[in-house]
Amino acid sequence: MPSMSDRPSLPAPSDGDRSERPDSRAALPKLWRNLTELAGAPSISPEEIPPEVGELVHLGRRGFLQVLGGSAAVMGLAACRPPHEKLVPYVHQPVEVTPGTPQAYATAVAIDGLATGVLVTSYQGRPTKVEGNPAHPSSLGAIGTFEQATLLDLYDPGRARGREVLGQPFALRPFLVRASELAASHDADKGARLRFLVGPSSSPLIGDLRRRLLERFPRARFRTWAPLSEDARTEGSRVAFGQPLDPRLHLDKASVVLALDADLFGTDPEALRQSREFTSRRNPGPDLNRLYVAETTLTVTGGFADHRFRMRPSEVLGFGQAIAAALAERHGLAQLRPLGHSLPAGSPHLRAAAAVAADLARSRGKCLVAVGPGQPPAVHALGHALNAALGADGATITYRQPVLHDTQTGPDGLRELAAEIAAGQVDTLVCTAWNPAYSAPADLDFGGLLRKVPHSIYLSTRQDETWARCNWKLGATHPFESWGDARGRDGTASIVQPLLAPLWETTSEAELLSAILGEGRSTYDQVRDLWRSRARLAGPAFEQAWSAWLAQGIVPATAEPVVRATPRWEAIAAAVGAVKLPTGGLEVRFAPDAKVLDGRFAENAWMQELPDPITSLCWDNAAQVSPATAGQLGIDNGAVVKLTCRDRSIEAPVWIVPGHADGAVTLPLGYGRATTVPQPVELDNKPEPLANGIGFDAYRLRRSTAFWFDAGLAVTATGRRWTFAVQQGDFAQEGRPHALSYTNGDWPKQGTHEVEEHRGPQPVIIEPVNYDKEAYKWGMAIDLSRCTGCSACVIACQEENNIPVVGREQVQRRRQMHWLRIDRYFSGTAEDPVTISQPVACVHCESAPCEYVCPVNATVHSDEGLNEMIYNRCVGTRYCSNNCPYKVRRFNFLDYRGEMEPTEKMLMNPDVTVRVRGVMEKCTYCVQRIERSRIQARVEGRPIREGEVKSACQQSCPTEAIAFGNLNDPTSRVAALHRDERRYDLLHDLGTRPRTAYLVRITNPNPELT
Amino acid sequence: MKTYVLAKFADEGAVLSAARALREGGHRALDIHSPVPIHGAEEALGLRPSKIPTLALLAGLTGAATAFLMQWWMVGFNYPINVGNRPPLSLPAFIPIIFELTVLFAAGAIFFGVMILAGFPRTHHPVFEVEGFRSASIDGIWLSAEVESLDAHPMVDQLRTLGAGQVSIVPEDLQVVTP
Amino acid sequence: MSALFKPSSNILFRTVLFIGVVVVLAIPVTLMTWARTPFGTNQFDPVTQPVQFDHRHHVVDDGIDCRYCHTSVDRSASAGIPPTELCLNCHSQIWNKSALLDVVRQSGATGQPIEWLRVHRLPDFVYFNHAIHVNKGVGCASCHGRVDQMAAVQQVAPLTMNWCLDCHRNPAPHLRPPDQITNLAWRPEGDAAAIGQELMKRYDVHSRTSCTTCHR
Amino acid sequence: MSTAPNQLLADDPLEPYPLMVGRPDDRTVTEDVLRPIWRPTRKGWLMLVGLGSVGVALFGLAVTVTFAVGIGAWGNNIPVAWAFDITNFVWWIGIGHAGTLISAILLLFQQRWRTSINRMAEAMTLFAVMMAGAYPLLHLGRPQFFYWLFPYPSTLGLWPQFKSPLLWDVFAVSTYFTVSFLFWYLGLIPDLASLRDASKHRWQRMVYGIFALGWRGSAHHWRHYRIAYLLLAGLATPLVLSVHTIVSFDFAVSVLPGWHTTIFPPYFVAGAIFSGFAMVLTLMIPARRYLGLEHFVTMRHLENMAKVILATGLMVDYGYVMENFFAWYGGNPYEAFAFWNRSHGPYAWAFFTQMTCNVLVPQLLWFRKLRTSVAVLWVISILVNVGMWLERFNIIVVSLHRDFMPTMWGIYTPTWVDWSLFIGTIATFGTLFLLFLRAVPAVSASEVKELRRQLDAEAAGGGTHAVPHLSQTRPEAS
């Protein structure tokens, strides 16, 4: 990664006009203005149109290509051109910019206030790719779907923009004045009628602003709201230790892991690190760890588990208690006795509880119990107790002070605020939390209350439900557009630096808060001053440190210290004893959605089209039920049902998920958006709100008192039906050896020689070409033992390779374009299926069936044995796809790009041709990265180093399940994996000689349970 | 000075014997016109077998050679590319195109051979000047003799004696005379 | 005269047929030929630029090296078009009154860049990289010709795929010593072939004809 | 024309129907054959052409939409990347083959019953191949670059990929069309001359005169003509086999279960003749009525064609049996599934309709009563066409929609564009055929005249050799 250190951090210019939005304008204006002019915009003087909008909107398509400073441009195949296109250089070329060569900048993406360090690849000021920052403890080099998807949001023409106060549009300067006037009106009563509703934040900068705001308005109150609040988790630790502590799991140290309704590898904020740590011990042999999962909904974690116990949400506590009881009775952990409570006779989990307890007891100090945020505090407390009793504390689990400014982010705070608003005690509500009108529990009717507030100030990236109900509306600046800071879950701080100046007239949270403080200082200065004082540095020393922080993406030694946590057994016992769980009837469980999380990614096309890791649904959510429950209710896939719970009801289509707990319904949050309106600006093609009219809104059934699950749900069929967009055809392997799996026990004896027949040479008439003499023989290996199916690679591939989104209707026609798909297979019984996920992209057959049928040489082999796809030669007979046994080729049935908005073109990776209608495309092993590295290496007169070329999927993978590299280098990881005894080839008997090898999945079931 | 003498005959036997008689009398420039091929006409007129078959054979071989050399040079020599691990020169894969071009060239040669050997297109010919000759493509059987204008009338008499029905003379100036 | 067609009709008919055949054959042949002519390839078409920049003067008279302006030619895909400030490095001192340089000074003053016209254009799906060629001994002149003799730069190479392939298949004749890369006038002394072979080894040249070398 | 009732049935019990009813003299033959061209246009014909033009317009619309929107306007997807397009292509090509077979192969085998039907059959071939040829062009994602499939010296220095069956198709289909056209036109020349000489209006005579190229029925013409005609027939025969063999290679050389089969070439050729003869019947039964040529195209011809349909139908059935047998016996699970899926999968309806039309229905032709009933024959011929279309659909779509990777299984549903293209080609084909019936003799007058001479000779007891057949080209030694 090119170092960040040479990055200029220009001081904020002093001239008043510029200092309006100094942070962005100051840091990058030169680069940016040149960038736009670079693009050969018609020479419009800045006066004619507002700079933020105008220059970009007037940017021609060809224009942007010139951003590449004159290198061969990117897009469009059949390029017929006007004579002599424009070639527009910089006026002042920024020192760190080399036309035609990308830079990587380190920054951080914070979701619900918890930062993940990222490296962003940027071409002359155009961020095009988000990757994990290896130096960051929450990333370790991996990157999740959501962090990557934020890049698409950045360029989305549908983003909210501008400032509107009581119907009047405001430029920044007048707005600052207006805001300070409003603030002044609260000085009299010290802000008694001033309220802030913010999203979870760990940013020291925001913290500092909050402190200063409360100094000026002592009686004002800050409330934090997150639809996926982890209050129960915090509360649980408060019960267990008397103080809110943040447990940190060290899965690499644990041999036995029990997850109680915890989606460790899915939607958990630490999923990246946890996946990496857990799979680091996912190798066959004595050291192989074991994962038990007790959950309601089938999650990626559950699918990856060695044993999965499906139970209604309310049963988890009982299961935990049963384990506690067993540990107390049979394994001498007496301190657990008061917590223990064995399961009623006839419970399906009797054996399980006993076996898990025994297994945990066997591996004291090397085991841990994790509890998910969806479980009540008592269960968390129980979890802490179990960990303490099992000697996990300090060994496999450590505790830190929470990094969020407000430990309380859930419905309770919101309820109090709602009460205050209802009582008319709030004159001004400053809302920077994400869309509370939509995401607040239904019983609070927060959307309705908002209208009661005389001055409701809402800062948002979207014109969403809340936007419609507030009277001060501010388009929010994207993190990649503004300065700031954020902390990871362990407290490690990162400086958030802008990659480009704001694309549109927008405001950042820091700007808004300091505006209310009546301060005009740029965020850039504020961050630097704050960190100067925190670091107790000055002058050159600070500048040096500062640029080092920017370059590394983290501020060293800022992690929270580990604190000793001693469980308060009585309190825990009391809490566990006192807990009242809703029971009776069907249970409903609210779950974050794998695609849109809590709904904030609903407008993100990448996430919408990403197939759900379990159901493979896209552009939709569904009421998930088990086959048995569906049978009892007499409903099938696609049946629209009426869900009634405590006199509230919604209608939702049903999707039957094997392995779902009986007697419960899972409702993924975040869909059913009807009110997101497109940005009302003159766009060539107005973006339709993506999320409108798809899915259903589960928030309407969610109560602040039953936040995560509830009972007494009634389901009645409406007789209507709904057609889903499902990307996967069939979920069974049909007895075919595609995704191979063995248990740790069977593997050495039985598996090793069974796998033999799925690898090795096939008899052929013609002696195949031998690539061993070549300098490089690129290959890939995918370890099914590590793949959780999290889908990060799918988005990474989409981002790297300019893969278009085709939309719901086209997916229903089976025309999705993902080069890399994750096949998930269910085997065994529909009640307790074995789930296995298998990433499949082009396997680059050496004897490729697709090639010899192409009449025009559009797909052929390179001298190094890559299966090349040459888009500009393709005439689109689609014969190659017919003859591809892996069906990994994708065809541009329609013009999926259409006329792109200028900002959408900025997203395109200039190293990859943008495909036109009528051509075939497929995974290229990221050949653009290979060639870039090759040229770099050959210019420097050295061979390409191991690990220098990483495929996008490999780079993103949290579990390092994907290895890519040079098979002719015996020391490379991929070569080693190709030699591994677990290696096998997909559809080996066809003799296609694939370059991508798979490694058999090894599970580690507990012998007592098999 | 060429002149055509056309004689209409009642049946095929008559025209054949007339033709034979005239050839024995030393007339070579004879032709028989009929709606369907008359067996024995070639023999009666002493025509040598057609060259078409030879043409077709040569053209066919040319086609085959062209097809093979083309494919060999293009993918085996000029730009050999590794396609699906198969050798650039895979002869079996060349066969279909070799065959097709053989047929194409041969067929072309046959058709254009007829055009040239039969002297097509020739929309005008002196014999068309005789109105009655229109029956030649329907049911009429005609014999045409190409003679010096001075010999036209003797020829007419000779044909009459050989059993011709209507006889016409088409002189140089195409002014048809029906004696 | 009772015949349907006049005697002349034979000639007419045959002529028409002949012309018909010729036309049908001529169309593709013409197209293929045209694609190879300078009209088809845009060769030898001097481009008038917004600034009357004369390479002859700067290269020959002032002896400025190509890399002084095209700075990233040896380390990046793009050779780089000089920013206005680079022009002004000199022209703020010399010729700083010349009317020829109004555009440049204006650009420097207003921050509005100079809009040059592209002369050498490859299709968008072709990924040409200057750095690797320059570092492996391909001189500027090989593709750009004697720019030092051009009043206004023109494209001298056809820039067709076939032309690229010729060199990629047999690079030796097009190589030159490292110190001669930007020497537009360089000619190999002595046995050109031998020199080429020797340079092949020295540079460790592996010119490839695999598709993804240029198309990605 | 003289048609005595006793001539309606020949005395041979095996061949009860005569090749020609009556013994019309040359002039009558000419008049009978040319009459449909001279007589004023009829309402029925006009209505059919009008109907056809509507279909042509529909075809034009669908083509426009396809070019404007892209292949996405069709129902094709991944995995079913080929569907109606290639199905129709194979179907049309197959239909074309019957024409060449009748005119060429029957000529070589000296089958006299070819004489009065070959002209129509050849015309059908031409039009069918035109329709077939449209699809390979239409189905391209980027049709503007179709010429990349031809080996021409481009500035790219790149050539076509000669290992691809699609490229073989390009050569096969274009050769096939050219040869069929030359063959058809050569056969037409003597009749064009008759039209030139017999037509009433001068403009008619002029037009036909130009196309007759100055044919004078001269012995010099005939001697080249006859051998040329025979040689073309000799070339067309292997060509026909090669074309459908190559078409079958499109599937046979792939790795796809249900495609990768060695019996495809013979099985495809048999299927082609099967469907082709059915189409000839479908067209000829109404045509002979409309042209008033029942005495030239007699029940003998219809019955013979019915017999060919029965025979080739049985060959096709054998193909079905074999491919299913090997799918089971071969023991390849993917192969076995592909065939199981045809009869048990979502497209089972297509499979069973195909079996009914191609296996059961033709068996009716065992019965003379049925195969000599014009109405029954006509219905059967149409059913066979339907069946053969479905056969291609099953081979292409049903094999594709569920192949190796269950996760990529899918369903294909045609859009209105798919249907319009299909119907559109049928309409265009029909319209062209109607125009053909009005423009040139649908029965070869000159050959009928010859046939009559032969029949006369036989009647005179001289036997066939008394009057030479076209195939005997060498003058006997004198």
Side-chain angles (χ1 to χ4, degrees), chain A residues 30 33-34 37-38 40 43 45 65-66 68-79 81 83-93 98-101 775 857-858 860-864 866 868-873 911-914 924 927-928 930-932 934-936 938-941, chain C residues 42 45 47-50 69-88 107-136 161 203-206 208-216:
Chain A
K30 293 263 177 276
R33 286 195 55 207
N34 288 310
E37 289 150 2
L38 236 178
S43 52
S45 66
L65 309 184
Q66 306 325 315
L68 306 183
S71 75
V74 203
M75 306 185 197
L77 286 187
R81 60 190 182 90
H84 304 308
E85 62 201 21
K86 289 279 193 297
L87 191 55
V88 190
Y90 289 92
V91 174
H92 309 282
Q93 185 161 323
T98 309
T101 310
N857 275 321
V860 301
H861 252 59
S862 82
D863 49 4
E864 294 168 347
L866 285 186
E868 305 172 310
M869 181 68 222
I870 306 96
Y871 316 115
N872 44 301
R873 178 67 176 175
D911 277 359
V912 179
T913 308
V914 174
T924 61
V927 69
Q928 67 277 8
I930 297 178
E931 295 304 326
R932 199 172 265 291
R934 181 201 307 283
I935 289 171
Q936 190 61 35
R938 283 182 60 66
V939 165
E940 296 169 14
Chain C
N42 289 312
D45 166 26
V47 182
T48 329
Q49 299 286 3
C69 298
H70 305 290
T71 50
S72 55
V73 69
D74 53 358
R75 56 192 168 89
S76 176
S78 140
I81 306 301
T84 311
E85 57 189 342
L86 191 62
C87 311
L88 292 175
S107 161
T110 63
Q112 287 283 343
I114 306 167
E115 293 189 345
W116 301 93
L117 297 177
R118 181 186 283 280
V119 180
H120 296 83
R121 185 188 182 282
L122 295 174
D124 298 348
F125 47 76
V126 175
Y127 290 84
F128 178 84
N129 184 300
H130 276 92
I132 188 65
H133 288 85
V134 168
N135 284 283
K136 293 294 170 183
M161 178 169 158
Y203 285 117
D204 169 40
V205 171
H206 291 306
R208 307 165 69 221
T209 54
S210 289
C211 311
T212 45
T213 312
C214 310
H215 306 297
R216 293 156 206 167

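Residue numbering restarts at 1 for every chain, and letters A, B, ... go by the order of the sequence lines. Reckoned from all heavy atoms, side chains included, excluding hydrogens, waters and symmetry mates. Please read all numbers here as calculations on a predicted model, not as lab measurements.
With a threshold of 4.5 angstrom between heavy atoms, Ile132(C) approaches chain A through its backbone and through its side chain. The parts of His206(C) that come within reach of chain A are both its backbone and its side chain, each placing non-hydrogen atoms under 4.5 angstrom from that chain. With a threshold of 4.5 angstrom between heavy atoms, Val205(C) approaches chain A through N, CA, C or O but not through any side-chain atom. Only the side chain of Ile870(A) comes within less than 4.5 Å of a heavy atom of chain C; its backbone N, CA, C and O stay farther away. If you measure heavy-atom distances from Arg934(A) to chain C, the contacts under 4.5 Å come from the side chain alone. Thr924(A) does not touch chain C: none of its heavy atoms, backbone or side chain, sits under 4.5 Å away.
Nearest heavy-atom pair across Thr212(C) and Ser862(A) is OG1-CB, 4.5 Å. Nearest approach of Arg938(A) to Lys136(C), heavy atoms of both residues: O-NZ, 3.5 Å. The minimum heavy-atom distance between Leu87(A) and Leu117(C), with the atom names listed, is CB-C, 4.4 Å. The two residues Gly111(C) and Val91(A) make their nearest non-hydrogen contact at O-CG2, 3.3 Å. When every heavy atom of Gly108(C) is checked against every heavy atom of His92(A), the shortest pair comes out as O-NE2, 4.4 Å.
Within the model, atoms CD1 of Ile935(A) and NE2 of His133(C) stand 8.5 Å from one another, a figure rounded to the nearest 0.5 Å. One distance of note links CG of Asn129(C) with CD of Glu931(A); it measures 10.0 Å at 0.5 Å rounding. Here the straight-line distance linking atom CG of Asp911(A) with atom CZ of Arg216(C) works out to 7.0 Å at 0.5 Å rounding. One distance of note links CD of Glu868(A) with OG1 of Thr213(C); it measures 7.0 Å at 0.5 Å rounding.
Side chain to side chain, Thr101(A) and Ser76(C) meet the donor-acceptor criterion of an N or O pair below 3.5 Å.
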request  = Could you give me the CA-CA distance, side-chain angles and deciding distance for His215(C) and Arg873(A), then say whether side-chain contact (heavy atoms from CB on, under 4.5 Å) is met?
outcome  = CA-CA 10 Å; His215(C) 306 297; Arg873(A) 178 67 176 175; over 6 Å; no
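The backbone N or O of Thr913(A) sits less than 3.5 Å from a side-chain atom of Tyr127(C), completing a donor-acceptor pair.
Qualifying ring-ring contact (aromatic ring centres under 6.0 Å, His included) partners for His70(C), counting only residues two or more places apart in sequence or in other chains: none. Contacts of Cys69(C) classified as side-chain contact (heavy atoms from CB on, under 4.5 Å), with partners at least two apart in sequence or in another chain: Pro82(C), Leu86(C).
Interface remark: of the candidates Cys87(C), Ala131(C), Ser210(C), Ser72(C), Ser210(C) forms the most heavy-atom pairs closer than 4.5 Å to chain A.
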